[in-house]
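Everything on this sheet refers to the single structure shown next.
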Amino acid sequence: MSKGLPKRSEDYSLWYNELVKKADLAENSAVRGCMVIKPYGYSIWEKMQAELDRMFKETGHTNAYFPLFIPKSYLSKEASHVEGFAKECAVVTHYRLKNSEDGSEVIVDPDAKLEEELIVRPTSETVIWSTYKNWIQSYRDLPLLVNQWANVVRWEMRTRLFLRTAEFLWQEGHTAHATKQEAIEETVQMMHVYATFAEQFMALPVVKGVKTENERFAGAEDTYCIEAMMQDGKALQAGTSHFLGQNFAKAFDVKFATKEGKLDFVWGTSWGVSTRLMGALIMAHSDDNGLVLPPKLAPIQVVIVPIYKGEEQLDAISEKAKELMAALRAKGISVKFDNRDTHKPGFKFAEYELKGVPVRIAIGPKDLENNSVEIARRDLLSKQTVSLADVEIGTFVEELLAEIQDSIYQKAKTFQTEHITEVNSWEEFQEVLEKKGGFLSAHWDGTGETEEKIKTLTKATIRCIPLDAKEEAGTCILTGQPSARRVLFAKAY
RNA sequence: CGGGGUGUAGCGUAGCCCGGUUAUCGCGCCACAUUUGGGAUGUGGAGGUCGCAAGUUCGAAUCUUGCCACCCCGACCA
């Protein structure tokens, strides 16, 4: 491991790229645009998955798995959907390889051409709705509440680790309902689930809102989203939940018999979050020393570093460390004792800071003498000496972790609040966007043309129409046309 | 996919313009010793198809062409 990380203030995106690699989260792979998620990074993703999965089950959903490949004809059944994804689909055309004439390489066997080409899923609405057609006959089969954990492929031109890769991991929920009302409620519910997860587990404050027509999911009637703010003031869409109306039901002919005996198309939703959340987590909290992880998602919550001279001291410290570990584990805290003799304590301190371990406990000869330990917290980089006679260590650390979780959230919340700026003129809009960044709360005339024009002029897009936007008469920032509420603009990832 | 840049050991680099001994330095790695409360020190050692391919040449890391990968800026996107 090499020393030092670029400074956020000097080059934010370089800082991000280096941090992802140096903290052992992910690296680029031999395949263009695809990443290798390394064990430490994957551990964090697993913790996210576990909690999200629990929340999905709690709201009545069940997991299933649908195929990676989608027949080409399926994709074209929903017009706007295919239009949205066509440009970034990987296509499978053959099913066999063979040795070349001279035997020097393997080539695609031209005789093994597929009759119908297969698309590697960019999302699974089409396969799933073609299946739902067979699963749904009556109102008694509804609602159908299914989620799948899967990988998807979107052939991106420019990729960045976690934020945009050609292949990524995600979950996609796909539900079918008897009424429009119920489907909308489901859509909104899942947005709230995402927001709760982001705030309580990722310590990431988000704005809940609705997308404008331009930013909406291809094939949806409405897209709800949670938007997070990164430390450079840019927005990152952290999760989306779509009300699909009857679009996919109509495209795949999914009808059900109502209580009254009539046939009707079902109402659909879909919702997803991806490994992009990893990017959000990294960019929201980390500093120039490395990763800062919220305790609830940290693979290692506490690391114990011994400081010693000679084997005798190490043995004595190890005894103490084992007692501590037992006490911490009894509280469900994940703890690692780093007794490697190959690195000095200072090296270990820096390493665990880089990796974002929330709490570090150092035990040295002085501590043995005084029956104390030194406890350091990653988020504030502060240290304190704690007497083990005065506190029950398990409880102490448990409370400290909770405090860190809260403190990280509050810090991000304060940053977010300070960087949502109300602007009332075009000059002000440009100036704030340029000099301060963050989200701009401004009036907009509601047309796609104006939105498009603002994007061309400033690179800022409408991130969402916040759910809590209050009715407020105003005039559009660009055109001066009347507007009923403010929307949030920002430059986005 | 357009414009710009970079590619030399695991990582970061010098050398390239002006072709010519055994390709430079730092970190990391291995061994031993001394060290251990914030990224240790010394001594010795290992590690290279100079991104890939073709060409020019007596001779290519260095010149030419093509390709590939990555980074930055655009268009597209979760």
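Numbers restart at 1 for each chain; the letters A, B, ... are given by sequence-line order, proteins then strands. Note that the structure is a prediction, hence the values are computed from the model and not measured.
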Problem - Pairing string, 5' to 3', for RNA chain B - Watson-Crick or wobble contacts under 3.5 Å, brackets [ ] where pairs cross, | to another strand - result: (((((((..(((.......[....))).((((((.....)))))).....(((((..]....))))))))))))....
Handout entry: side-chain N/O A:K344 vs B:G37 OP1/OP2, d < 4.0 Å
Key = yes
Measuring only the [atom1] atom in each nucleotide, how far is [N] from [M]? A whole number of Å is fine.
N     : M     : atom1 : value
B:G7  : B:G12 : C1'   : 13 Å
B:U64 : B:G5  : P     : 14 Å
B:U8  : B:G51 : C1'   : 10 Å
B:G48 : B:A23 : P     : 12 Å

Practice task
If a pair satisfies ring pair (Phe, Tyr, Trp, His ring centres under 6.0 Å) and one of its residues is in residues 208-240 of chain A, list it, with sequence neighbours excluded.
Solution key: A:H81-A:F217, A:F85-A:F217, A:F217-A:H242
Problem - First of A:E353 and A:F168 reached from the 5' end of RNA chain B, by closest nucleotide - result: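 Whichever sits nearer the 5' end wins; that is A:E353.
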Problem - Residue pair A:I317 / A:P306: nearest heavy atoms and the distance that separates them - result: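 Looks like CG2-CB, 3.6 Å.
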Problem - Minimum-distance pair of heavy atoms, taken over all atoms of A:F162 and A:G279 - result: CB-N, 3.8 Å
Handout entry: For A:V391, side-chain contact (heavy atoms from CB on, under 4.5 Å) partners two or more places apart
Key = A:V386, A:F396
Completion exercise
Sorted by chain and number, sequence neighbours left out, side chain to side chain donor-acceptor pair (under 3.5 Å) with A:T175 holds for A:H177, A:T269
Exercise for the section: Could you pull out all residues at least two apart from A:N151 that satisfy side chain to side chain donor-acceptor pair (under 3.5 Å)? Expected result: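 For A:N151 the side chain to side chain donor-acceptor pair (under 3.5 Å) partners, ignoring immediate neighbours, are A:R121, A:E167.
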Problem - Pairs where residues 280-294 of chain A contributes a residue and the test salt bridge (charged side-chain N to carboxylate O under 4.0 Å, His left out) is met, not counting sequence neighbours - result: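 The answer is A:R8-A:D288, A:D287-A:R378.
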Exercise for the section: Please list all pairs passing the salt bridge (charged side-chain N to carboxylate O under 4.0 Å, His left out) test where one or both residues lie in residues 294-317 of chain A, with sequence neighbours left out. Expected result: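 Listed once each, the pairs would be none.
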Handout entry: Partners passing ring-ring contact (aromatic ring centres under 6.0 Å, His included) against A:F197 (at least two apart in sequence or in another chain)
Key =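 Applying ring-ring contact (aromatic ring centres under 6.0 Å, His included) to A:F197 gives A:F201.
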Completion exercise
Those residues at least two apart in sequence (or on a different chain) that pass ring-ring contact (aromatic ring centres under 6.0 Å, His included) with A:W444 are none
List every contact pair, protein side and nucleotides 72-77 of chain B side both N or O, where the distance is under 3.5 Å.
residue, atom, partner, partner atom, Å
B:C73, OP2, A:R158, NH2, 2.9
B:G74, OP1, A:K459, NZ, 2.1
B:C77, O2', A:E156, OE2, 3.2
B:C77, O2, A:R164, NE, 2.2
B:C77, O2, A:R164, NH2, 2.7
B:C77, N3, A:R164, NE, 3.4
B:C77, N3, A:R164, NH2, 2.3

Problem - Strand contacts (RNA chain B) in residues 283-301 of chain A, 4.0 angstrom heavy-atom criterion - result: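 None, since no heavy atom is under 4.0 Å.
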With the criterion being N/O to N/O and under 3.5 Å, what pairs connect the protein with nucleotides 3-6 of chain B, and how long is each?
none

